[in-house]
Number of protein chains: 2
Amino acid sequence: MGRKRIPTIHDVARLAGVSTGTVSRALNARSGVHPVTRQRVMEAVNKLGYVPSVAARELAGRTEAVGVMVTPRVWKYSPYFILLFEALDEALWHEGYKLVEVPMSPSGEPLQPAAGYIVLGAHDHDPRLERMRQKHPNSVLVGVHSGMFWVAPDDPGGAYAATQHLLELGHRDVAHLGAAGQVGRERFEGYRQALTDYGVPYRPELVLNGAFTTLPAYRAVRRAWEGGLRFSGLFAASDEMALGAIAALEDLGLNVPHDVSVVGFDDLPDLERPLTTVRQEIPAIAKAAVALLKEATSHAPPRGVRVGVQLVVRDTTARRR
Amino acid sequence: MGRKRIPTIHDVARLAGVSTGTVSRALNARSGVHPVTRQRVMEAVNKLGYVPSVAARELAGRTEAVGVMVTPRVWKYSPYFILLFEALDEALWHEGYKLVEVPMSPSGEPLQPAAGYIVLGAHDHDPRLERMRQKHPNSVLVGVHSGMFWVAPDDPGGAYAATQHLLELGHRDVAHLGAAGQVGRERFEGYRQALTDYGVPYRPELVLNGAFTTLPAYRAVRRAWEGGLRFSGLFAASDEMALGAIAALEDLGLNVPHDVSVVGFDDLPDLERPLTTVRQEIPAIAKAAVALLKEATSHAPPRGVRVGVQLVVRDTTARRR
DNA sequence: CATAGATTTGTAAACGCTTACAAGATTCCA
DNA sequence: TGGAATCTTGTAAGCGTTTACAAATCTATG
């Protein structure tokens, strides 16, 4: 039983009874092929499990490179960004582009030319962002920045839902473990809004600060608690922070969720402990980014889109005792 | 000034005054082209800055896929593995292969066929490893496992050098912050050997355990110190652990390196603090893995290779007061 | 010095896809 | 109902490599 030959466009064409040119058009071109023909082609594609060869497609000149820039560089090493990267790769490939990682010069110039750019993780007041906006209208930001194309998860909404969840469980001393930057700020806003809507006074001392990673979160929570701060609910601005917070609380002899309920944000896979958290649809964000990129390259006026987000309740939250 | 056209093999051929076939052979085939011709071709290649098109090469059937399997999956999210991945990608590409990430089934079967496999991070007693060894002789492990091809950094040597460095700075109470698994064990052995060679008695209570990440390291060090354990030098089994340890020591009111000297392992880039550490040459490991893979596919008897490692002294270590 | 054998080179056919172009089929209107 | 205008389709020429195969050139030997 020899290795199954991978089906090519010719196999599809033969099975569908059309020419390869037609198959190609059916697959790529938005128009110019009769609906019933396209239907037949699609059936053949499915029956054969045909998937176009990236190499051939690229050789034939159809794939353009889009540059993904990560800034600051270190963010590349966080799970969230890795997942986003993978999702972008997939989404771009699906639209006939290929992802190339391009470094950003200190002045904010892409170090390699590309048909378009996707910028990841820039600080909102980073001057390089402004520069990108002006010099490269064919770029989209994953984040928020007016005047350019951007996609972002519904951070305020998610934070609101997380906080609301804690409030509805009866918690009144709800702390927030936050981080700097646009994202951190928006998640904080959602937290604060929920407090307001539920008539719980906002107490600034209840907002702790760390970075988006575990260790700073651990330290912030532990220091605060040892300093006498008390709360029965905690909304952490990321899953990693939530993990750090839980470790700290446990080291202090507390039980999660018995003594303190903790909510995270992101819903990262493979965590050491199942978290109540706000789920981001990373693939959806990637798809939206690519869709916007196509708009951007066709000189449409810039706009931003929010991708929905969803609370998922697991076992780090419980009703207040 | 139009976009510079990317030079193709034809340009090289013309400039060198030979045919494209010859250029191709000069570039790829080990033999079958006259030395002076090859020389001329190489000059043309350099002058033009020619780099072969991956797509074309792949289409023409020269590139085979090699599967990289990461196990357990979560390791994919650590900086070390990301760097290793990138290095492997580069090294494979250089040899005309392309990297595809292939998941490993629970039983230890690659979920996609490939011309060869590179296994990353498996526990040394993982039964799936044994299975790979038997059913897929065309695979190499990054790690140590007798009976199959493997590459690994010189962990014992590096650990020895790190510990030696501390000892030569006059430290006598040298602790070790270790981790489980083959790698952890080897680094521990290096530590212990250095102690012996320098006539410093080995004290089991001085070896702390954590995982390879910051938070467990922080907790282990803090708990130990609070429990009364004292040391003036610490060899951590990874840079991330070193960072965690330093944070813990500082939270305890100690100064690094003034009160305690800390050495890491890996030499990760972009760290928040420059560490005295043991540098791994990740690109060299990747190259070695690929070289071994070629051996493995030609049915050579399995062997392992160690890649050298180097102590780099920065400012987290100081002479004992 | 002729010639068999070995070595080096050129030629051209793939690889799987896209797309300009031309041809064929369909629609629409006078 | 004829023909122009519009849609849909097939044909074939690339895209940049590799590699069988054949041709040309060398080397060695008698």
Side-chain angles (χ1 to χ4, degrees), chain A residues 3-45 48-65 92-98 100 115, chain B residues 3-45 48-65 92-98 100 115:
Chain A
R3 178 82 102 288
K4 217 191 317 184
R5 210 174 61 80
I6 293 175
T8 74
I9 201 173
H10 288 99
D11 302 318
V12 176
R14 193 169 328 115
L15 182 58
V18 297
S19 73
T20 62
T22 301
V23 174
S24 179
R25 274 182 300 256
L27 255 30
N28 303 307
R30 204 130 292 298
S31 69
V33 29
H34 195 93
V36 347
T37 311
R38 161 166 312 182
Q39 174 63 21
R40 222 154 10 109
V41 169
M42 288 312 183
E43 274 163 16
V45 165
L48 260 38
Y50 166 74
V51 23
S53 147
V54 187
R57 180 176 274 188
E58 183 168 348
L59 230 209
R62 217 188 112 55
T63 34
E64 301 182 277
L92 284 169
W93 181 84
H94 211 243
E95 295 293 325
Y97 296 100
K98 75 174 191 186
V100 335
Chain B
R3 176 84 98 288
K4 217 190 316 183
R5 210 175 62 80
I6 292 175
T8 74
I9 201 174
H10 288 98
D11 302 318
V12 176
R14 193 170 328 115
L15 183 57
V18 298
S19 72
T20 63
T22 301
V23 174
S24 179
R25 272 182 300 254
L27 256 30
N28 303 307
R30 203 131 293 295
S31 69
V33 27
H34 196 91
V36 347
T37 313
R38 162 165 310 182
Q39 175 62 21
R40 219 151 15 105
V41 169
M42 289 312 183
E43 273 162 17
V45 164
L48 260 39
Y50 165 75
V51 23
S53 148
V54 187
R57 178 176 276 189
E58 183 166 350
L59 228 211
R62 216 186 113 56
T63 35
E64 301 184 276
L92 284 170
W93 182 83
H94 211 243
E95 295 293 324
Y97 296 100
K98 74 173 192 187
V100 333

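Heavy-atom basis, side chains included; hydrogens, waters and symmetry copies ignored. In what follows, chains carry the letters A, B, and so on, assigned in the order in which the sequence lines appear, proteins first and then strands, with residues in each chain numbered from 1.
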Check the phosphate of [N] against [X], side-chain N and O only, distance under 4.0 Å to OP1 or OP2. Yes or no?
{"X": "A/Thr22", "N": "D/dT9", "result": "no"}
{"X": "B/Ser24", "N": "D/dT18", "result": "yes"}
{"X": "A/Thr20", "N": "C/dG16", "result": "no"}
{"X": "B/Ser53", "N": "D/dT17", "result": "no"}
{"X": "B/Ser19", "N": "C/dG10", "result": "yes"}

Using a 4.0 Å heavy-atom cut-off, does A/Val18 contact any base of the nucleic acid, only the sugar-phosphate backbone, or nothing at all? sugar-phosphate

Name the closest nucleotide to the [X] side chain, picking from [options].
{"X": "A/Ala60", "options": "D/dG10, C/dT8, C/dC17", "result": "C/dC17"}
{"X": "A/Val33", "options": "D/dT9, C/dT18, C/dG16", "result": "D/dT9"}
{"X": "B/His34", "options": "C/dT9, C/dC17, D/dT9", "result": "C/dT9"}
{"X": "B/Arg25", "options": "D/dG16, D/dA20, C/dC17", "result": "D/dA20"}

Rounded distance (Å) that lies between atom [atom2] of [N] and atom [atom1] of [X]:
{"X": "A/His10", "N": "C/dC15", "atom1": "NE2", "atom2": "C1'", "answer": "10 Å"}
{"X": "B/Glu58", "N": "D/dT17", "atom1": "CD", "atom2": "P", "answer": "14 Å"}
{"X": "B/Arg14", "N": "D/dT17", "atom1": "CZ", "atom2": "P", "answer": "13 Å"}
{"X": "A/Leu27", "N": "C/dT18", "atom1": "CG", "atom2": "C1'", "answer": "12 Å"}
{"X": "A/Arg57", "N": "C/dT19", "atom1": "CZ", "atom2": "C1'", "answer": "14 Å"}
{"X": "B/Glu64", "N": "D/dT17", "atom1": "CD", "atom2": "C1'", "answer": "16 Å"}
{"X": "B/Arg38", "N": "C/dT7", "atom1": "CZ", "atom2": "C1'", "answer": "14 Å"}
{"X": "A/Ile9", "N": "C/dT19", "atom1": "CD1", "atom2": "P", "answer": "11 Å"}

Between CZ on residue B/Arg40 and NE2 on residue B/His34, distance to nearest 0.5 Å: 9.5 Å

OG1/A/Thr22 to CD1/A/Ile9 distance, rounded to the nearest 0.5 angstrom? 9.5 Å

Pick the closest DNA chain D nucleotide for B/Leu59 and for A/Gly17 by heavy atoms, then say which residue is nearer the 5' end. A/Gly17

Which residue is it: A/Leu15, A/Val45, A/Asp11? I am looking for the one with a side chain to side chain contact (heavy atoms under 4.5 Å, CB included) to A/Tyr50. A/Val45

Taking B/Ser24 as the fixed residue, which of B/Asn28, B/Thr20, B/Leu27 is the one that meets the side chain to side chain contact (heavy atoms under 4.5 Å, CB included) rule? B/Asn28

Closest approach of A/Val33 and A/Arg38, non-hydrogen atoms and distance? CG1-NH2, 3.1 Å

